[in-house]
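As the structure is a prediction and not an experimental result, all values here were calculated from the model. Below, chain A is the first sequence line, B the second, and so on; all start at residue 1. Atom set for the values below is all heavy atoms of this structure, side chains included, hydrogens, waters and symmetry mates excluded.
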Amino acid sequence: MPHSVTPEPAAPQEDVVLPDAPASTDTDSSSASDETPGSVKANGPTESDKENVKLDDMFDDEEDDEFSSSMPTSTEEPSQGAMPRAISAKFSDPEIMRAFYQRLFPFRYLFQWLNHSPSPTTDFAHREFAFTLPNDAYLRYQSFPTADLLRKQCMQLLPSRFEIGPVYSTNPRDRKTLRKASAFRPLAKELVFDIDMTDYDDIRTCCTGASICNKCWSFITMAIKVVDAALREDFGFKHILWVYSGRRGAHAWVCDRRARELDDSKRRAIAGYLELLKGGDKGGKKVNVKRPLHPHLERSLRILREHFQSDVLTLQDPFLAPEKSSHLLSLLPDAGLSSALSRKWDAAPNRSSASKWSDIDTVAESGASNTLDTKALKEAKQDIVLEYTYPRLDAEVSKKLNHLLKSPFCVHPGTGRVCVPIDVERVEEFDPLSVPTVTELLGEIDSWDTNNGKAEDGKKLDDWEKTSMKGYVDHFRVFVATLLKDEKSGKREREGGDSMEF
Amino acid sequence: MLRQEFNRVDPKRRNNIDYKKRQFAQANFELQEYKHRLNFYAIPPTAEITLEEFEEWAINRLKVLGELEACTFRNRTPEETASYMASILDKYMPLRSNSSRSSTLDDERKRDHYSHFILRLAFSSTEDLRRRFSRLETMLFRLRFKDDDSRERAAFIDSLNFDWEKVSDAERKELGSELTAASGLGKWGEEEGWFKVEWEKVPELVEQRRVLLKRGMAYVPQREQMTLVVAEFTRRLDQNLEWTARALPRLDEDDRLSPILHHLSKSFTAPDISYSTSDALPGNLHPNASNIDALSQHFPLCMSHLHSTLRANAHLKHFGRLQYGLFLKGLGLSLEDALLFWRRSFRNMTDEKFDKEYRYNVRHSYGDVGGDANRRGRGYTPYSCQKLLTEALPGTGQNHGCPYRTFSPDNLVALLQNTGISDREVLKGVREDVGKQRYHIACNRVFDFTHKKEIKKVKDEGLWSASELDTILHPNTYFKRSFMLKHLGEERQKETNSQDAA
């Protein structure tokens, strides 16, 4: 395997061979080349299964260009000496994907997470998985009794990613053998949210489209804070897993039983509760809320206000360009004020957004307009803060019980980054650009083995523990453990309750 | 009728009765008492009625429901609906309050009760029918609930025994302004009584952010009680419909009822304003991939906006594609031409990307691929105005929906001016209509203006019947009428030709 080649010429040859490497990857000579065409297998069921893909489930717009580039723009990738060749490899290269599923993907915890119990239940066995195969075919309605069988299938098909759907009333694989179609219906799925940077394109100035930097990531950070606070404080959910989507967004999985069993109308209600910005590109003012502000919005505004000052005004400088600042003026309630500001800003073309923002108050106080309603101005300013900071959810994802969403810990085929969980307690520290890529991780295993390989005589470590994935997997493990604990006590309560009745 | 275990046999007596006679053990045929005007329809009727009554009562209720549905199609406000429905209800299904002391009180309530259950039987067979029936019954219930005498309404609610927790004074003080801010009641809120319920019981209020949420509990003001009661009504009705559907195959029936029931459900399936492609398109219309631009002069604003957006950006987002693509399908554009049209329209895209991400969706919407139901149904039907006006507003970057609704008035007027409508009167009228949320009226106003000459002609010469100039409620009707009006001469020419031939 390419990533198992160590650069140090002094290193003894044996170290290259991994202790638990399977037979297939041991044949160094054949797999050494990165360009080995993918051993694409099992296209058989693809065609027939593809027919069943529902249009709406299949492509939302978020995916329109998400995977358009197969090659990463990875020039800024930190080139650790350990893997000079691997960097140029396509991230969904079959060998890399095989090694990833074999050695790094935490199937065990994924199983526990979806199963809600240590021993296999229908929560896992009737859960739909959907694979995107290396040839871009999309394979729906897969299901697995155990984590091992899921792992095996992943290693066989080498999907570039897979998605998680709902738990069905019967095994998804048996859906065609049922006498009545209505016997096959979705029962439960985590309540999910998707925040994607594309929805911010009209207010971010640093990047567009698929690219992302730390400046615009702060939009996602504030979105996470606001949505997380609402879900916990207002709806009382406890088990919320935030996951980096691999390129420029974040997903949330709300795993409480109460959330999993919501039907479509209640999911729509939550999405509506959280959605604020309305109207397409031509809709004019996007925020129209009544006063007094709903406590949820009041709290969101408290969270967002400081971000607006630091992350938006300073870093994004959103009102710098004349057409952007005229949009700002159009949001103000008073024509006299707007024209006074417009004159002032035309005279100083390069005035920064922060100055322009404070100009609104100074000009207002200077009495440039005699019709000015200060209350309306204050409210308009609040609306503007919300328009430029409030989370922009891809609400369609949340509204449907049977919407599929990419599993945590998958590899994003465009960037190679692993979709790692985000610790919401320390969401400010999360840096999407430092999330490890699959090739880096495989390199880390090798260098760890080189350094500690033979000397280790304690208990054998899992491969992910040797890499920078450890922190993320540990976070996930703790999350799953808390969830399981709650499920268990909840179950006992329920069973206890039942026994009282009989 | 069905599922009437409760209220039947006294459990203590159960063993003494021959099971065959069990259902006659108690005098179930005695008339039920109707203490309240409103009814949750929990107990099915058991008395005998004649077949004629069976049919007549059901048809009368059906008429009422049909009119109610028509009100939603016409986008009437609740007040308009109420005043419009008053006479209809009075004619077909009068239902007076206790205070009226009418002698026919019991008879009215009996009719209401029986007809509801008859329609339940008729409309439980398919998911579609169930959903529509439940929606309309809910509307009817809400309508009656609103105009009910307040004292009788309170008595009715008491009789239902909801266990809603009252918010204590101490808790109310503690929450203070948050309560009033959330409900938007202002000062009045302080005197209001409040309930505390699980938020799942009031999804509508949650969706519109009209209640305070704390840890999963919703604080509902007294005056929103209606939402609670109505939600409960819907919930029970949905559940009962499901049960009815399951029991239906075992209906103990000689063949007197099922033809009636079948007939009833048939007559209920039509009113949705659908547009079938075979619905006599003008003979001289031959849409293909290359003449859409020319035809676009006949498009309603929603579609011409999508068309010009598509031409400008060489792309449309998912819902835009769906809305526009189905409209073109309704024009009679063949699948081959549709594929060609979309391929050419996305001119900046590689063939590979198009094939991978878009081709399938177009084929799916034509029913060329997909599940059995989709293929048999030939894909999707074009969207009606009703659909466009009720779906969620577009987000940033999206352009679907009805522009009269999604555009801010200023942008709308600008768009109309771009399409060549500069008549002051018309634009003013459009502004007024849009202000009153009568979007389809605005659209029809524009149609009437742009086709003034032709409409006058067909009216004067009596070429078209009045029904052919009825209000437009479907984008495809708009197109068809526009096309035919502009090609008046040709059509007639053809007709005379064919007559000559005959």
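Applying the side-chain hydrogen bond (donor to acceptor under 3.5 Å, both in side chains) test to residues at least two apart or on different chains, the pairs with a partner in residues 198-207 of chain B are R258(A)-E200(B).
The part of R232(A) that comes within reach of chain B is its backbone (N, CA, C, O), which places non-hydrogen atoms under 4.5 angstrom from that chain. If you measure heavy-atom distances from L393(A) to chain B, you find no contacts under 4.5 Å at all. Residue E275(A) touches chain B through its backbone alone, counting heavy-atom pairs closer than 4.5 Å. Heavy-atom distances place the side chain of K399(A), and not its backbone, under 4.5 Å from chain B. The part of L262(A) that comes within reach of chain B is its side chain, from C-beta onward, which places non-hydrogen atoms under 4.5 angstrom from that chain. For K266(A), the parts sitting under 4.5 Å from any heavy atom of chain B are the backbone and the side chain alike. Only the backbone of V211(B) comes within less than 4.5 Å of a heavy atom in chain A; its side chain stays farther off.
Heavy atoms from other residues, nucleotides or ligands lying under 6.0 Å from NZ of K378(A) number 12 at most. For R378(B), the CZ atom is loosely surrounded, since the number of other residues' heavy atoms within 6.0 Å does not exceed 12.
The side chain to side chain contact (heavy atoms under 4.5 Å, CB included) check on S398(A) picks up F193(A), A271(A), with sequence neighbours excluded.
At a threshold of 4.5 Å between non-hydrogen side-chain atoms, the residues R215(B) and F235(A) do not count as touching.
Between L293(A) and A181(B), the shortest heavy-atom distance links the atoms O-CB, 3.5 Å.
Here the rule is side chain to side chain contact (heavy atoms under 4.5 Å, CB included) with H294(A), and of R209(B), E178(B), Q208(B) only R209(B) fits it.
The distance from atom CG of D355(B) to atom CG of D136(A), rounded to the nearest 0.5 Å, is 12.0 Å.
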